[in-house]
There are 2 protein chains.
Amino acid sequence: MNSNYQKLVERLEETSRLGGIMGILHWDQEVIMPSGAAESRAKQMGVLAGIIHEKSTDPEIGKLLDQLKDENSFDGFEASNIREAQREYEMETKVPKKLVMEMAELSSKGHQVWAKARSENKFSDFAPILTQLVELKKHWAEYVSPELQPYDANIDLYERGTTMAEITPVFEKIKSELIPLIKEIKGAEYQPDSSLLSGEFPVNKQEALGRRISEDMGFAFDKGRMDVSVHPFCGGSHPTDVRITTRYRTDNFIESLYAVIHETGHGLYEQGRMEKGRDLPASEALTMGIHESQSLFWERMIAQGFAFCKRYLPLITETFPEKFKGISEEQLYEAVNISEPSFVRVEADEVTYPMHVILRYEIEKGLFDGSVEIKSLPDLWNAKMKEYLGIEPDTDTLGVLQDTHWSGAAFGYFPSYTLGAIYASQFYETLKQEKPDLENEIESGNLAIIREWLNQKIHQKGRLLSVPELVKQVTGDELNPEIFLNYLKNKYRKIYRIN
Amino acid sequence: MNSNYQKLVERLEETSRLGGIMGILHWDQEVIMPSGAAESRAKQMGVLAGIIHEKSTDPEIGKLLDQLKDENSFDGFEASNIREAQREYEMETKVPKKLVMEMAELSSKGHQVWAKARSENKFSDFAPILTQLVELKKHWAEYVSPELQPYDANIDLYERGTTMAEITPVFEKIKSELIPLIKEIKGAEYQPDSSLLSGEFPVNKQEALGRRISEDMGFAFDKGRMDVSVHPFCGGSHPTDVRITTRYRTDNFIESLYAVIHETGHGLYEQGRMEKGRDLPASEALTMGIHESQSLFWERMIAQGFAFCKRYLPLITETFPEKFKGISEEQLYEAVNISEPSFVRVEADEVTYPMHVILRYEIEKGLFDGSVEIKSLPDLWNAKMKEYLGIEPDTDTLGVLQDTHWSGAAFGYFPSYTLGAIYASQFYETLKQEKPDLENEIESGNLAIIREWLNQKIHQKGRLLSVPELVKQVTGDELNPEIFLNYLKNKYRKIYRIN
């Protein structure tokens with residue numbers, strides 16, 4: 001083993017383990033921490049974040065990376081670790097400390113100001129800080145990636161290698177076909193009945209059901225947990241310690257169940273990482289978009305599919321007999337696939353969701369190229385909602401103030417949700433071609449066939465390939481919204497009996 | 001604020017917060033972590049321990065401490081922080097790194113070897129590593145406290161300022177009176193009935209009962225939690241995040257309940273620390289012995305007292321009506337106070353417990369002064385058990401191999417348990433004098449009177465005083481086994497009707 005490389009590995013492992021510790025602190029805070037500990041926990045996390053920053057900007061790493069540049073004997077795995085270390089080191093060291101601290105302070109303050117503005121429906125209170133956050137993130141972009149346009153540099157943080165030049169035409173294509181589809185669905189004569197999903201569903205039964213399905217999907221509970229938090233998420237500290245959460249309401253079980261399935265999709269990606277170098281970046285999940293492709297694959301393509309409904313209707317009926325006795329597979333399938341424009345992104349269905357994302361993408365793009373003014377945001381938001389979904393929120397609380405992302409300066413994050421949905425549909429198309437008997441396999445309970453395919457094709461690949469390389473290798477294609485759109489059109493025209 | 005002092009404070013706060021993070025990792029590992037994560041967690045904890053060591057041995061701290069020596073303007077709180085920092089810095093820097101690493105490795109290996117030897121009842125497998133551990137701890141003592149005898153240096157780690165010169169006569173006194181008392185109890189004609197404590201006790205009812213009593217004692221659940229672990233403990237990350245655990249068996253609820261009460265006693269010490277400088281050593285719990293005095297105070301003096309039994313019999317009867325209908329307060333009181341020699345320290349009652357500790361103390365003392373040979377330990381152990389408790393274990397698993405302490409090189413820890421019991425009896429005596437109506441207050445449910453007294457007299461004092469100073473301030477006395485012995489003799493002669 002090359003000794004400079006070995007030294008780099010030791011440092012990367014240390015940082016990765018500290019990151020795992022941060023994962024536990026974060027999970028603990030969201031799931032289990034006593035409320036009175038908020039302040040002390042914030043200080044603990046601050047100290048740890050400082051140490052992680054200290055360790056990742058140690059000039060010794062820069063020296064090692066410089067020396068490694070002159071060496072030329074690394075295999076794909078090693079080269080990937082060096083590449084990742086280089087990217088991370090540059091990201092952490094290129095930005096002046098003053099700017100880093102300004103961003104941290106402003107994000108922290110921004111979150112508080114935003115939360116208050118949202119609850120009081122006062123966008124004007126949030127506007128000044130949003131203006132500052134955009135300006136800081138523009139400065140930041142100039143330091144980090146002077147060769148990129150500022151918004152592209154922000155996107156790159158979550159979806160490396162993807163730029164507006166690639167996203168804009170894809171989103172335009174989606175708009176051109178989804179807006180009409182949403183109108184068709186809204187105007188359809190036949191509207192499925194969702195009332196069977198309302199009722200009284202005890203939490204313990206919901207939990208047992210979710211746990212069972214998560215297990216069937218392949219989630220290893222000896223290397224993970226399932227708990228409750230205000231917002232469902234997938235966290236933890238290591239591929240052997242992956243923690244998913246959901247939340248329960250007693251008048252609806254589908255939201256909770258599909259949250260479990262979604263987070264299990266993320267969890268399988270983490271648990272399924274390559275055995276080699278699990279404390280090294282080459283084994284980590286590739287991008288936010290690819291991560292989301294895994295959760296959406298299971299939630300939308302599989303669990304909202306007919307075969308899955310057929311498979312699990314008996315278990316659901318056994319769990320909630322009063323409600324589901326006499327309900328048919330078709331009824332369940334249609335009920336879990338109701339599509340309807342709504343104000344809130346996180347509650348949107350798979351047809352309307354991309355429009356929420358595109359709206360935000362266009363606004364962010366405009367904020368960074370100067371074509372959109374902060375003060376115009378509420379009107380612009382509502383006009384776009386009207387145009388894309390045919391509805392307008394009465395308040396900014398349900399409109400431009402709904403998401404936390406901007407208050408934390410996380411510009412460029414939103415596109416990943418829809419990129420993930422597109423990748424998921426492409427992976428699904430390929431899987432169906434490679435396993436023509438897929439529907440029967442799902443009906444007979446063989447979910448392992450899906451997990452293993454995703455594991456071999458995607459999870460095991462870590463960061464060895466770029467996103468385009470990975471998508472090409474798996475599907476033979478590039479990012480292709482046609483497949484996504486055809487999937488939606490075929491599925492929903494059939495459900496809503498649109499010819 | 002003095003600027004050198006302020007710089008020191010910042011460093012101490014950082015270390016304290018990292019220690020809090022370690023507390024969460026440890027709690028998580030014992031309570032909630034998936035089994036498959038053992039290896040990754042060990043590595044995470046190793047990295048964090050390394051960073052804490054790095055931070056606490058930073059020469060910059062040494063420089064600050066040197067400069068602070070020449071300054072003379074600190075109040076008690078500040079002086080205590082400086083004193084604690086000095087002690088910690090010397091402890092961490094005086095020992096050569098090679099020895100620190102040898103000790104860490106040998107302790108880790110020692111634990112595994114011990115666990116195997118214990119399960120296979122083979123002391124001879126553990127003997128060689130125990131020999132090495134004692135030798136290493138002798139070397140360590142020479143570096144850390146060359147002015148002390150090696151065993152005193154080890155005791156000092158847990159019970160600062162206390163030496164064999166103080167402990168030996170106290171323990172001799174206890175031996176001289178407890179051995180006869182244990183014989184008296186064993187030979188007494190009247191033996192209380194413990195059968196009322198056996199039965200079928202559902203875990204959820206036990207949990208509700210324990211939680212209610214812990215709350216009555218004053219444990220703040222918005223600044224703490226109660227969970228389940230294999231061995232009950234009190235941990236957490238901060239006075240606002242104190243986590244106690246217990247364990248449940250369905251055929252006995254008293255063990256679990258008294259574990260809750262014991263750990264709540266520790267927890268109240270932590271939650272009750274002074275408001276000032278909670279991330280600084282001056283506010284921390286004083287010693288292991290004083291910590292144990294708080295848990296034992298509540299468990300033994302209060303919860304095994306008659307007034308407490310009287311107060312809680314109705315709630316216990318309400319919780320387990322089949323078992324407790326018709327049971328009198330006297331019956332409950334006697335049943336929770338049965339005293340009987342047994343092999344295992346952690347299961348011992350308050351009369352026999354000190355003999356387990358004294359046995360270990362004498363052996364440790366002999367190992368460090370060379371008068372006891374490792375290979376003689378099993379025979380020596382059994383001979384002392386025979387002499388002190390009148391019983392001899394059939395196996396070393398139930399004898400010399402039962403405790404984990406030696407495998408982790410924690411020599412000098414055991415005395416703290418009995419020092420704590422003595423302090424607890426002295427505090428109890430003083431409290432009764434200051435609050436003559438104490439028994440009635442307990443009967444009427446006013447446990448706050450106890451908590452507030454302990455809080456003002458002990459918890460709030462942090463490390464401002466030494467143990468002798470604190471004990472003097474609270475009780476007007478020094479460490480005094482007479483009070484402990486009188487407490488035991490009066491209580492148990494009455495229960496066992498011995499004249």
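To find a chain, count down the sequence lines: A is the first, B the second, and so on, and within it residues start at 1. Predicted model only: the values in this text are computed from it and were never measured.
Residues of residues 51-59 of chain B that come within less than 4.5 angstrom of chain A, heavy atom to heavy atom, are B:I51, B:E54, B:K55 in numerical order.
The pair B:D241-A:R41 meets the salt-bridge criterion, with a side-chain N (NZ, NE, NH1 or NH2) lying under 4.0 Å from an Asp/Glu carboxylate O. At a threshold of 4.0 Å, the pair B:R243-B:D227 does not count as salt-bridged, since none of the basic side-chain nitrogens sits closer than that to a carboxylate oxygen. The pair A:K109-A:E105 does not meet the salt-bridge criterion, since no charged nitrogen lies less than 4.0 angstrom from a carboxylate oxygen. Under 4.0 Å is where a charged nitrogen must lie from a carboxylate oxygen, and between A:E14 and A:R17 no such pair does. A:K43 has no carboxylate O lying under 4.0 Å from a charged side-chain N of B:D279, or vice versa, which leaves the two without a salt bridge.
Ring centers of B:F233 and B:H26: under 6.0 Å apart, within the cut-off.
If you tally non-hydrogen atom pairs under 4.5 Å between each of A:V242, A:L18, A:D222 and chain B, the highest count goes to A:D222. For chain A, the option among B:L25, B:T240, B:I24 with the highest count of heavy-atom pairs below 4.5 Å is B:T240. Chain A forms more heavy-atom pairs under 4.5 Å with one residue of B:G236, B:G20, B:G224, B:P239 than with any other, namely B:G224. Of the residues considered (B:G50, B:S35, B:S40, B:S16), B:S40 shows the highest number of contacts with chain A, using heavy-atom pairs under 4.5 Å. In terms of non-hydrogen atom pairs under 4.5 Å with chain B, the most contact-rich of A:G36, A:A220, A:G46, A:A38 is A:G36.
When atom types are taken as modelled, the side chain of B:K7 and the backbone of B:L64 share no donor-acceptor pair closer than 3.5 angstrom. At distances below 3.5 Å, at least one donor-acceptor pair connects side-chain atoms of A:R225 with backbone N or O atoms of B:I32.
Taking the side chain as every heavy atom from C-beta outward, B:L268 and B:Q294 never approach each other to under 4.5 Å.
In this structure, chain A has no heavy atom under 4.5 Å from any part of B:R278. For B:D28, the part sitting under 4.5 Å from any heavy atom of chain A is the side chain, from C-beta outward, and nothing else.
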